[in-house]
Amino acid sequence: MSSSNEPPRKTDQPSSSSASASASASPSLFLSLPLEIISMILARVPKRYYPILCSVSKNMRSLVRSPEIHKARSLLGKDYLYIGFIDENYRPVYDYWYTLRRIENSTTENLFESIEFPYPSEPNRFSMNAVGPKIFFISESCTPSSRLSIFDTRFGELRQGPCLLVKRGYNCVGLVGGKVYVIGGYQDDEIAAESFDLNTQTWEAAPIPDEKESHRWICKANVSFDRKVCALRSREGMTCYDTRDGSCQRSEMPNDQWSRVGLCVIDNVLFVYFSRFGLMWYDSKLMLWRVVYGFDLDNARSVGIGEYYGKLAFIWEKPSLNVSESKEIWCRMIGLLRSEVGIHGAAEPSQLVEIVPNGYRMCHCLSLSG
């Protein structure tokens, strides 16, 4: 693990401008290539740059979101989920981690296996945020801290990153473009928001949020879409921070139960699974929550969802009928079809992926990508 005083590391990631340089310089020339070649090129671009590519042209946006790209990424094994459980039958509570990933050279078969998962040595609670193939650990407790730890899932390496500009307690974290934003958890005379540039590996002050009530950033879960970082709270609804100018917007959420593992963003659309209403999506233009129609999830409980090769991976628990004092972990992929009237789901067959002790409770579902 490296010292926080070491010079910023150089990265092999392309800059946000270079991600779309070749395409924007001559999009018609690039799009004239065979679809197979285009797919293999775009499949190797880090997914955090896809929104930039989508802004090049309508044709480029269609390509980035096409099944061909996801098929190419699948063959390369680019996307995977990290799913964490805690065993509530023991004190202190232990964590158990699994990964869901594609079997090599397959576009349909998945492997669900147990993995080792390192934690930072800091005693504070922390949020875990997926940033490409890495997981960022940032303090999320009543004891402020400026520490950043980074776990690279490709190499199993946990290291200490550059410290935040100020110590923060409870806060809201989100990835927008090539920057990780942290809002809230500050003292009155300190920096209200800051961002971490993934290319330069440095922190800088971000636009000041016009939401003056700092408790708004003490959230149950956080997501990023529409170039905004949003804090979700069970009763107070959703507060979104615009990373361009610091403006904030509040909106209500359905009066229903949901969990922090039961939400994800796919193609810039927020999806949340609610106990009574089922799977819903947020229409950001109308500021309304709408139901995803077309399939039945049988009132599933203890649900985790995440993006997986352009589809929604739906993971849930149910009692085991064959093994006593155990529960079954099931997985189903849901294709999302958008039309003028809304979003419909096309559910694939369910798959039993694991049997775990009855005390296991899902607490994390992170979508990572190479």
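This chain uses plain numbering: 1 for the first residue, then up along the sequence.
Residues G310 and I266 approach most closely at O-CG2, 4.0 Å, considering heavy atoms. Between C54 and R65 the shortest heavy-atom distance is SG-NE, 4.1 Å. Heavy-atom minimum distance, A43 versus L76: CB-CD1, 4.0 Å. Between I183 and P209, the closest heavy-atom pair is CG2-CG, 4.1 Å. Taking each heavy atom of V173 and N222 in turn, the nearest pair found is O-ND2, 2.8 Å.
Within the structure, side chain to side chain donor-acceptor pair (under 3.5 Å) contacts touching residues 281-292 (residues at least two apart or in different chains) are D226-S284, S251-Y282, D283-R290.
We find that R168 and E194 are joined by a salt bridge, their nearest charged nitrogen and carboxylate oxygen being less than 4.0 Å apart. Taking a cutoff of 4.0 Å between a charged side-chain nitrogen and a carboxylate oxygen, D79 and R101 do not qualify as a salt bridge. Taking a cutoff of 4.0 Å between a charged side-chain nitrogen and a carboxylate oxygen, E204 and K179 qualify as a salt bridge. Classification of E317 and R361 as a salt-bridged pair fails, no side-chain N sitting under 4.0 Å from a carboxylate O.
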Query - Working for side chain to side chain contact (heavy atoms under 4.5 Å, CB included), residues E354 and W330 - result: CA-CA 7 Å; E354 189 62 274; W330 287 78; over 6 Å; no

Query raised in the report: Between I86 and Y360, is a side chain to side chain contact (heavy atoms under 4.5 Å, CB included) present by the stated rule, with each step listed?
Result: CA-CA 5 Å; I86 59 172; Y360 275 35; over 6 Å; no

Query raised in the report: Given R154 and K134, is the side chain to side chain contact (heavy atoms under 4.5 Å, CB included) satisfied, shown in steps?
Result: CA-CA 8 Å; R154 297 168 300 181; K134 300 176 182 179; 3.8 Å; yes

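In this structure, CG in L368 is found 8.0 Å from CG in L81, a value given to the nearest 0.5 Å. Going from atom CD1 of I150 over to atom CG of L158 covers 9.0 Å, rounded to the nearest 0.5 Å. If you take CD1 on I37 and CZ on F30, they are separated by 10.0 Å, rounding to the nearest 0.5 Å. Here I315 contributes atom CD1 and Y308 contributes atom OH; the two are 9.5 Å apart, rounded to the nearest 0.5 Å.
The number of heavy atoms from other shown groups lying within 6.0 Å of CG (L33) is above 12. Residue-environment remark: CD (E113) exceeds the threshold of 12 foreign heavy atoms within 6.0 Å.
Clustering ILVMFWY residues whenever any of their side-chain heavy atoms sit less than 4.5 angstrom apart, transitively, puts V356 in a cluster other than the one holding L111. By the rule that hydrophobic residues join a cluster once side-chain heavy atoms approach within less than 4.5 Å of another member, M287 and M253 end up as members of one cluster.
Y241 has its side chain within reach of P207: a pair of non-hydrogen atoms, C-beta onward, lies under 4.5 Å apart. At least one side-chain heavy atom of R233 sits less than 4.5 Å from a side-chain heavy atom of C219. Between C331 and F112, every side-chain heavy-atom pair lies at or beyond the 4.5 Å cut-off. Counting heavy atoms from C-beta outward, K228 and T243 have side chains that stay 4.5 Å or more apart. Between R216 and E236 the shortest side-chain heavy-atom distance falls below 4.5 Å. Between T239 and W217, the closest side-chain pair of non-hydrogen atoms falls below 4.5 Å.
S302 places no side-chain N or O within 3.5 Å of a backbone atom of W316 that could act as its donor or acceptor partner. A donor-acceptor pair under 3.5 Å is absent between the side-chain atoms of R102 and the main chain of S74, judged by distance alone. Listed for the R276 side chain is a donor-acceptor partner under 3.5 Å among the backbone atoms of N255. Under the 3.5 Å distance criterion, the side-chain polar atoms of Y181 are left unmatched by any main-chain donor or acceptor of F196.
Judged by a 6.0 Å distance limit and a 45° cone about the ring axis, K220 is positioned over the six-membered ring of W258.
Here the options are F117, Y119, F85, the test is side-chain contact (heavy atoms from CB on, under 4.5 Å), and the partner is D95; only Y119 passes. The side-chain contact (heavy atoms from CB on, under 4.5 Å) test with F271 is passed by exactly one of L263, L279, V223: L279.
Cluster note: Y170 groups with I218 through ILVMFWY side-chain heavy atoms spaced under 4.5 Å, whether in direct contact or through intervening members.
A disulfide bridge does not connect C230 to C172: their SG atoms sit 2.5 Å or farther from one another.
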